[in-house]
Protein chains: 2
Amino acid sequence: MAKEKKVNAITDMEVDFAQWFTDVCVKAELIDYSGVKGLFIMRPYGYAIWENIQSWMDKRFKELGHENVSMPLLIPESLLQKEKDHVEGFAPECAWVTIGGSEELQEKLCIRPTSETLFCDHWSHVVHSWRDLPMKYNQWCSVLRWEKTTRPFLRGREFLWQEGHTLHATAEEAIEETETMLEVYAELCEKVLSMPVVRGLKTDKEKFAGAERTYTVECMMHDRKALQSGTSHYFGDGFAKAYGIAFSDKNNTQQTPHETSWGVSTRIIGGLIMTHGDNNGLVLPPEVAPIQVVVVPVAQHKPGVLEKADEVYAALKAAGIRVKVDDSDNSLGWKCAQYEMKGVPVRLELGPRDIENGVCVAVRRDNFEKITVNLDDVVNGVKDALALVQAGLYEKANKNLTEHIYEAHSLEEAKELQEKNGGFIKTMWCGGLDCEVAMKEKAGMTSRCIPFKQENLGDTCPICGKKAEKMIYWGVAY
Amino acid sequence: MAKEKKVNAITDMEVDFAQWFTDVCVKAELIDYSGVKGLFIMRPYGYAIWENIQSWMDKRFKELGHENVSMPLLIPESLLQKEKDHVEGFAPECAWVTIGGSEELQEKLCIRPTSETLFCDHWSHVVHSWRDLPMKYNQWCSVLRWEKTTRPFLRGREFLWQEGHTLHATAEEAIEETETMLEVYAELCEKVLSMPVVRGLKTDKEKFAGAERTYTVECMMHDRKALQSGTSHYFGDGFAKAYGIAFSDKNNTQQTPHETSWGVSTRIIGGLIMTHGDNNGLVLPPEVAPIQVVVVPVAQHKPGVLEKADEVYAALKAAGIRVKVDDSDNSLGWKCAQYEMKGVPVRLELGPRDIENGVCVAVRRDNFEKITVNLDDVVNGVKDALALVQAGLYEKANKNLTEHIYEAHSLEEAKELQEKNGGFIKTMWCGGLDCEVAMKEKAGMTSRCIPFKQENLGDTCPICGKKAEKMIYWGVAY
């Protein structure tokens, strides 16, 4: 139905990728702009995607023994300042409340940019004994970071997220938690969102403010830029010491616990759009699509068509499929373009002749392939089509990722490869900050991660020529 | 097990009701205090109660065709000021952001105390035609109101809530929505929380800032004070006009739509505590209890006891019951006191002799009654016990409510009845603000509502002596 798309005309992604992205956000009715720069309204269709992501994550977190809590919105300046690296990282982006009611506050309060300081303060009240550990908490909330440039989903001054915070008796246990939660994020990306990832460790330069280690899952977008899609941090005992958290172990000796935190935000919806979308609009993986199937009756004025459409609707709904019938008086072309714009994974077309033949036609959103489905086995037929879309999207995205990882042996070569192809450029790396800064300044790339799956591309760092034992991925990131 | 309670000793409610309330909040591990006055931490056990309430409401809202959205946290001062009554009501309690990043903001931003202004601003962008109506939106979030005195759950500067906002083509449809949502709140209180309510209309003095009508459900606490537990507002077209929302009807004529909003907050958890709690701690209705049944093995070192406890656990869990086994090395007395403090509706005691006899003992939290349950029908036995607790709590609370509604025919009599008995005092009322003010100043009572179920107690207002056609409830409220 690509010919019909001009009903909703959006900019082609090859013409202006950034404008295409914004057009999709607006025309698919995901967001609206508010009166404050960088604070976006998530409209019902956009929020429903987030609810489906939330629902999967919340269930997974709870299966792994985490409990939800609610921490305050505001952090006193003095509390934020207790951990030196952390405050240096976040203070420049804080929004500050200075007036409460009609009075100037004695101490200004920061709207949480992240809640490590609040969790630590709370734990310092309630953790006393080894019996109190581990603490495995999660919070669903919004946070504020006063960014200069803002874009829907990708960079908001306010965004929604989950932040997990855990406290453990030993470093080993905390590191295990950090790695487990990274794997949950990888599972979310790959299985639920059909987004292949590169798992790895951030460099010291790119790690979270105050963390000892930051793990990341990195995705590649259509334009071959990188999107950091989820991060998991190991803090060691630094925060615990700064905030005075201690526990007595089984031998009644005072010990300092070890901490982690991990988060995924609505940014990942930006990732979904830029991974799967096309010039007809949004394309959603069935697992998180608010509408998985739309039934579009053809010649709906003819006898029996709407009745059959309602029958199909009832059967799919009873099978737990998120389905909608569009029996409005809009034209067939308009309807098709509309649901393509909204990225509905499967469109079921159902007309008088189809009904006569006992079939309907399932159109896949990912490749417009038409599948004939028997009406007397419509639930299985639709389930199969949804599974094909879910898998098809992953395959296509994985092809984009694997075909755009390039190997370089000098900074110059890395720069040329990036300029020519985009994608991830893999090189050996000495581990030095200077080389990372040089890559940024001379080739415009940041380090994405030191992948878990290492390869030996040589023995020296292509930037400084010193000995190098690690392979690293570079890229241009959102 | 009341004798065991001193393990967790809390203040008796007859000695100091306010202290009893705070003790329950802290000892049942519902909350912790944060570094900012009036901003509370909801700990896992407290938050899980809210999650259960949310889950029921969210499902009910969606069944009625509402969609969730996410609106911004911050409101520009100029946007807040567009509806005169609304800003007068809320401006004195606003917390203001004046610094973003390192810069002074050109316009100060208020942290939302409620979001009517944001919904209206959004609707002014997206509502154009009668086809766009109704808009039936809901949002789960936290709001801030800079109160002077604060208490856990009952009065926080920050609290969690849901705020529904809807927009309709006609006044009739909007009023119907307002009334429907009040009935949903009544259902929540009565069926889910075992809290009987009085349904009614607020006076002009007590209605929401900017509303034409506010409906309310009012509950009575143990100390016979009133708690406003949910409100639903009809705005007419006042906000729509102030914010420039218009639509073209089927005849292509421009019309102004009509609006509603409605909210329930975590305050209702304060209501739960003060409706059902006792001197042993919290008492939770099974519908929202995070743990509905705790299995406490007796003489757990004896062979077969823990195995049987695990078997019972597995059977109950498979039946969808929220169940926990406590096989820790704490004493039986400590365990019993602990789960009484936490208000777990049913405790299952299971020892070697019980197992021999093929039974276990279910102890009801609401009245400590012991029920013998056959182990080979343990799921049904436990379900019955849970239903008895749910109904028993409602009956007890309903007795408290109905026995403490008193009729008065003069201000003096109303004052005496309140001082002697507390509760609701019903009188006729002329509808005048002066009489309402007089009741507050002379008898310390505010109007709670004009109940839907009217009675004719006479023809004159007992305060001014003028003609009166309405019966009103007065009380001392949280």
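Within every chain, numbering begins at 1; the chains are lettered A, B, ... in the order of the sequence lines, protein sequences first and strands thereafter.
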Report the option among B:His122, B:Lys148, B:Arg131 that has the most heavy-atom pairs separated by less than 4.5 Å from atoms of chain A.
-> B:His122
Side chain, backbone, both or neither of B:Lys37 within contact of chain A (heavy atoms, under 4.5 Å) | neither
Using a 4.5 Å cut-off on heavy atoms from C-beta on, say whether the side chain of B:Lys82 contacts that of B:Thr117.
-> no
Mark yes or no for whether A:Arg157, through its side chain, and A:Arg145, through its backbone, hold a donor-acceptor pair below 3.5 Å.
-> no
Counting only heavy atoms not in B:Glu63, do more than 12 fall under 6.0 Å of its CD?
-> yes
Would you call the rings of B:Phe61 and B:His66 parallel, tilted or perpendicular, where under 30° means parallel and over 60° means perpendicular?
-> perpendicular
With no hydrogens and no angle check, is any side-chain donor or acceptor of A:Arg267 less than 3.5 Å from a backbone partner on A:Leu154?
-> yes
Turns out that what part of A:Thr98 lies under 4.5 Å from chain B's heavy atoms comes down to both
Which one, A:Glu93, A:Glu147, A:Arg43, leads in non-hydrogen pairs under 4.5 Å with chain B?
-> A:Arg43
Which bit of B:Leu74 is near chain A, if near means a heavy-atom gap under 4.5 Å: side chain, backbone, both or neither?
-> both
Which portion of B:His125 sits near chain A, non-hydrogen atoms under 4.5 angstrom = side chain
B:Glu51 with A:Lys62: basic N within carboxylate O range, under 4.0 Å = yes
Whatever's closer than 4.5 Å to a heavy atom in chain B on A:Leu73 counts as both
Between A:Asn68 and chain B, which part of the residue has a heavy atom less than 4.5 Å away: side chain, backbone, both or neither?
-> both
Contact class of B:Tyr137 relative to chain A, heavy atoms under 4.5 angstrom | side chain
Top residue by heavy-atom pair count (under 4.5 Å) with chain A, among B:Ile99, B:Leu160, B:Leu118?
-> B:Ile99
Just by distance, do the side chain of A:Glu107 and the backbone of A:Ser78 share a donor-acceptor pair under 3.5 Å?
-> yes
Interface residue of largest heavy-atom contact number with chain A, from B:Ile75, B:Val36, B:Leu144, B:Val97, under 4.5 Å = B:Val97
Against chain B, label A:Ile31 side chain, backbone, both or neither, depending on which of its atoms sit under 4.5 Å from a heavy atom there.
-> neither
Which residue out of B:Ala48, B:Cys94, B:Ser142 racks up the most heavy-atom pairs below 4.5 Å with chain A?
-> B:Cys94
Region of A:Glu29 in contact with chain B, defined by heavy-atom distances below 4.5 Å | neither
B:Phe239 vs B:Tyr243 aromatic rings, parallel, tilted or perpendicular, using cut-offs 30° and 60°?
-> parallel
Within the side chain of B:Lys335, is there an N or O that forms a donor-acceptor pair under 3.5 Å with the backbone of B:Asp326?
-> yes
Does the B:Gln139 side chain pair with the main chain of B:Met71, one donor and one acceptor, at a distance under 3.5 Å?
-> yes
Look at B:Asp121, B:Asn138, B:Val126 and state which one has the largest set of heavy-atom pairs under 4.5 Å with chain A.
-> B:Val126
